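Okay, structure first, notes after.
No hydrogens, no waters, no symmetry mates; every other heavy atom, side chains included, goes into these values. What you see is a predicted model, and the numbers here were worked out from it, not measured in a lab.
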Amino acid sequence: MRVLVTGAAGFIGSHVMEAMAAAGYEVRGLDSLSPAVHDGKPSYIPDDLELRVADVRDPGAVDDALDGVDAVCHLAAMVGLGVSLADLPLYADVNVTGTAVLLDAMGRRGVSRLVLSSSMVVYGEGAYECPLHGSVRPLPRAAADLNAGSFEPRCPGCDSALSWATVAEDAVLDPRNAYATSKLAQEHLAANWARLTGGTAVALRYHNVYGPRMPRDTPYSGVAAIFRSCLENGVPPRVFEDGGQRRDFVHVRDVAECNVLALTATAALAPGAVRAYNVASGTPHTVGEMAAELAVSFGGGAVEPKITGEYRLGDVRHVVASPKAAARELGFRAWTGFAEGVAEFAHAPLRAPAAATR
C-alpha cells in the first residue's frame, strides 16, 4: 500500500513518514518546503524516502502526488495560535483551502482513506465541573480578569470556582482562535468528502506534541520548544499566567505510531464514516511543570523559569484529554513517560528557523 504524507518535512510529518515506512508501507511525502520554514530539504529526511516539493494548495501538483496512492495522512498546515489579526487569511488559505484542494483531488483519484491531523484546540476550553451546576462550559476569559491575575474560568451561571475534568471526543466544539477554527473546518471538510465519496476518515486531535525536530525561535513554536530555546540561550523560560495551565504533553513518536494505527482503522470503518480521537498521554501536567522539568533535565546551570503573569487572548486555561476511545478502538497507548520524554527532549535536536541559517 502506498501512503501520501502531506507536510512530510515538518516536525510531526517527518516522524509519521518514518513510522509508516517502518510499518511496511510505501511512503511518498509532499511538502512545500516553504522558504519561511525550511532552507531546502531537511537533513533528517532519508534519501530513500520519496519527497515531492509542492504546495498542497496547487491542484495539479496534488493530483500528480496522488498517482498510485491508496491512502493519505494529511499534516500540511499553518500551525500555532496565530499572533495577530493579519494571520487570519493565511490560516484560512493554507489549512482550509489546502485541505479542500487535497480532498477534491482524492475524490477524483478514488483515494478513499484519510488520516487527518487535527488538534485539541477545536474544544476551546476543556471540561469543567461546577459544585452547583455540574458540567458547564465557561465563557471566554475576559481581558480585565486576566489583567487582574484571575486566570481560572468561573461558572457562567453562578460565578463559582470550577474544577477541571477530562474532555472526550463528544464534547461541544468551541474553537477560540484562527488556528482552532481552521482545524475544525478541516474536520468538517473531511466529513463532507466522506459523505460524497463513501471514503473513510480518522481525525486525530493531537494534544501538546513535543520531541525532536520541533521548530525553534518562532512565534508559532510549541511551548516546549520555546522553553528549550530560552535555556539554550541562557534566558529564563517565560511562563505565562501563573504556570498552572494544564495540558497533556504527548511525545511525537507516540503520535506517529497513532497515525499508523489510525490508518489501519480507516479500513474497518463503514463507507462515509468519520471518527475523531484524542491523541494524548492521559497524564496531564501544568505548563509550569513542563518548564521546571525541562530546566532540570537541561542541567548545566540552566536558569530557573520565570512566572510572568502575561497572557495571550485566545489561549485557554485547561485542556485535559480522555484518551480512552483511542485506546479502546485504535489500540493506542502513549508509551513515553513525561520525565523520560522531557529528559530526551532537553538535548534533542531542534529545527532552526530558515532565516537563522541565511
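To the nearest 0.5 angstrom, Leu184 atom CG is 10.5 Å from Ser119 atom OG. Of the inter-residue distances, the one linking Phe11 atom CZ with Arg351 atom CZ reads 9.5 Å to the nearest 0.5 angstrom. Rounded to the nearest 0.5 angstrom, Glu257 CD and Trp335 CH2 are separated by 10.5 Å. Of the inter-residue distances, the one linking Asp104 atom CG with Asp63 atom CG reads 9.0 Å to the nearest 0.5 angstrom. Taking CG of Asp174 as the reference point, atom OH of Tyr123 lies at 12.5 Å (rounded to 0.5 Å). Between the CG atom in Leu330 and the CG atom in Leu263 there is a gap of 11.0 Å [rounded to 0.5 Å].
Taking the side chain to side chain contact (heavy atoms under 4.5 Å, CB included) definition, one finds that Pro59 meets it with Val101, sequence neighbours left out. Under the side chain to side chain contact (heavy atoms under 4.5 Å, CB included) criterion, Arg195 pairs with Ala191, Asn192, sequence neighbours left out. Remark: Thr283 pairs with Ser281, His285 by the side chain to side chain contact (heavy atoms under 4.5 Å, CB included) rule, at least two apart or across chains. In this structure, the ring pair (Phe, Tyr, Trp, His ring centres under 6.0 Å) partners of His251, at least two apart in sequence or on a different chain, are Tyr210. Legend: residues meeting side chain to side chain contact (heavy atoms under 4.5 Å, CB included) with Ala100, ordered by chain and number and at least two apart, are Leu189. With sequence neighbours excluded, no residue forms a salt bridge (charged side-chain N to carboxylate O under 4.0 Å, His left out) with Glu293.
Applying the ring-ring contact (aromatic ring centres under 6.0 Å, His included) test to residues at least two apart or on different chains, the pairs with a partner in residues 288-310 are Phe298-His347. Annotation: salt bridge (charged side-chain N to carboxylate O under 4.0 Å, His left out) contacts involving residues 230-253, sequence neighbours excluded, comprise Arg141-Glu241, Arg216-Glu232, Arg228-Glu232, Arg238-Glu310, Glu241-Arg317, Asp242-Arg317, Arg253-Glu344. Judged as a ring-ring contact (aromatic ring centres under 6.0 Å, His included), not a single pair has a partner in residues 41-62 (not counting sequence neighbours). The stretch residues 4-29 participates, sequence neighbours left out, in these salt bridge (charged side-chain N to carboxylate O under 4.0 Å, His left out) pairs: Arg2-Glu26, Glu18-Arg213, Arg28-Glu50. Sequence neighbours left out, the pairs with a member in residues 158-172 that pass salt bridge (charged side-chain N to carboxylate O under 4.0 Å, His left out) are Arg154-Asp159.
Remark: the backbone N or O of Ala76 is paired with a side-chain donor or acceptor of Thr6 at under 3.5 angstrom. Side chain of Arg52 to main chain of Asp64: a donor-acceptor pair is present (N/O by atom type, distance under 3.5 Å, no hydrogens or angles). For Gln186 (side chain) and Asn95 (main-chain N/O), a donor-acceptor pair under 3.5 Å exists by modelled atom type. Ser297 places no side-chain N or O within donor-acceptor distance of the main-chain N or O of Leu294, the cut-off being under 3.5 Å. Here the side chain of Asp93 pairs no donor or acceptor atom with the backbone of Pro89 at under 3.5 angstrom. The main-chain N or O of Val167 is found under 3.5 Å from a side-chain atom of Asn278 such that the two form a donor-acceptor pair. Side-chain atoms of His207 do not come within 3.5 Å of backbone N or O of Pro284 as any donor-acceptor pair. A donor-acceptor pair is defined here as one N or O able to donate and one able to accept, closer than 3.5 Å; no such pair exists between the side chain of Ser135 and the backbone of Glu129. Panel note: side chain Asp55, backbone Ser32; no donor-acceptor pair is recorded below 3.5 Å. Using a distance-only test at 3.5 Å, with no hydrogens or angles considered, a donor-acceptor pair links the side chain of Ser14 to the main chain of Gly10.
Under the 4.0 Å criterion applied to side-chain N and carboxylate O atoms, Arg113 and Asp70 are not assigned as salt-bridge partners. Here Arg176 does not pair with Asp315 in a salt bridge; the nearest charged N to carboxylate O distance is not below 4.0 Å.
Using a 4.5 Å heavy-atom cutoff, the side chains of Phe332 and Val279 are in contact. In this structure, Ser112 and Thr197 have side chains that are not in contact, with every pair of non-hydrogen atoms separated by 4.5 Å or more. The closest side-chain heavy-atom distance from Asp67 to Arg109 is below 4.5 Å. Between Phe227 and Val287 there is a side-chain heavy-atom pair separated by less than 4.5 Å. The closest side-chain heavy-atom distance from Val202 to Leu269 is below 4.5 Å. The shortest distance between side-chain heavy atoms of Leu261 and Tyr277 does not fall below 4.5 Å. In this structure the side chain of Ser182 never reaches within 4.5 angstrom of the side chain of Met78, judged on heavy atoms.
Listed here is the closest heavy atom pair of Ala280 and Ala334: O-CB, 4.0 Å. Considering all non-hydrogen atoms of both residues, Leu139 and Pro156 come closest at CG-CB, 4.2 Å. Looking at every heavy atom in both residues, Ala178 comes nearest to Leu88 through CB-CD2, 3.3 Å. Residue Val319 comes nearest to Gly126 through the heavy atom pair CG2-N, 4.1 Å, listed as atom of the first residue, atom of the second, then distance. Between Leu132 and Cys158, the shortest heavy-atom contact is CD1-SG, 3.9 Å. Minimum interatomic distance between His15 and Pro212 (heavy atoms only, all atoms of both residues): NE2-O, 3.2 Å.
With hydrophobic clusters built from ILVMFWY side chains whose heavy atoms lie under 4.5 angstrom apart, Tyr25 does not share a cluster with Leu30. Residues Leu350 and Val252 are members of one and the same hydrophobic cluster, defined by side-chain heavy-atom contacts under 4.5 angstrom among Ile, Leu, Val, Met, Phe, Trp and Tyr. Hydrophobic cluster membership is shared by Val255 and Val27, with clusters built from Ile, Leu, Val, Met, Phe, Trp and Tyr side chains linked at under 4.5 angstrom. When hydrophobic clusters are built by joining Ile, Leu, Val, Met, Phe, Trp and Tyr residues whose side-chain heavy atoms come closer than 4.5 Å, directly or via intermediates, Leu4 is not grouped with Leu75. Criterion: ILVMFWY side-chain heavy atoms under 4.5 Å apart, direct or through other members. Under it, Tyr206 and Met17 are part of a common hydrophobic cluster.
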Worksheet item: Can you check side chain to side chain donor-acceptor pair (under 3.5 Å) on Gln245 and Thr286, steps first, answer last?
Response: CA-CA 5 Å; Gln245 312 93 301; Thr286 67; over 6 Å; no
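Screening His188, Glu187, His74, Lys183 for a side-chain hydrogen bond (donor to acceptor under 3.5 Å, both in side chains) with Thr99, the sole residue that qualifies is His74. For the side-chain contact (heavy atoms from CB on, under 4.5 Å) with Trp193, the qualifying choice from Leu116, Leu102, Leu103 is Leu103, the only one to do so.
Apart from Trp164 itself, the hydrophobic cluster it occupies contains Tyr128, Val136, Leu162, Val320, where clustering links Ile, Leu, Val, Met, Phe, Trp and Tyr at side-chain heavy-atom distances under 4.5 Å.
With a 6.0 Å radius and a threshold of 12 heavy atoms from other residues, nucleotides or ligands, Asn147 has its CG atom above the threshold. Counting non-hydrogen atoms of neighbouring residues, nucleotides and ligands closer than 6.0 angstrom, the CZ atom of Arg333 reaches no more than 12 such neighbours. Within 6.0 Å of NZ on Lys41 lie more than 12 heavy atoms contributed by other residues, nucleotides or ligands.
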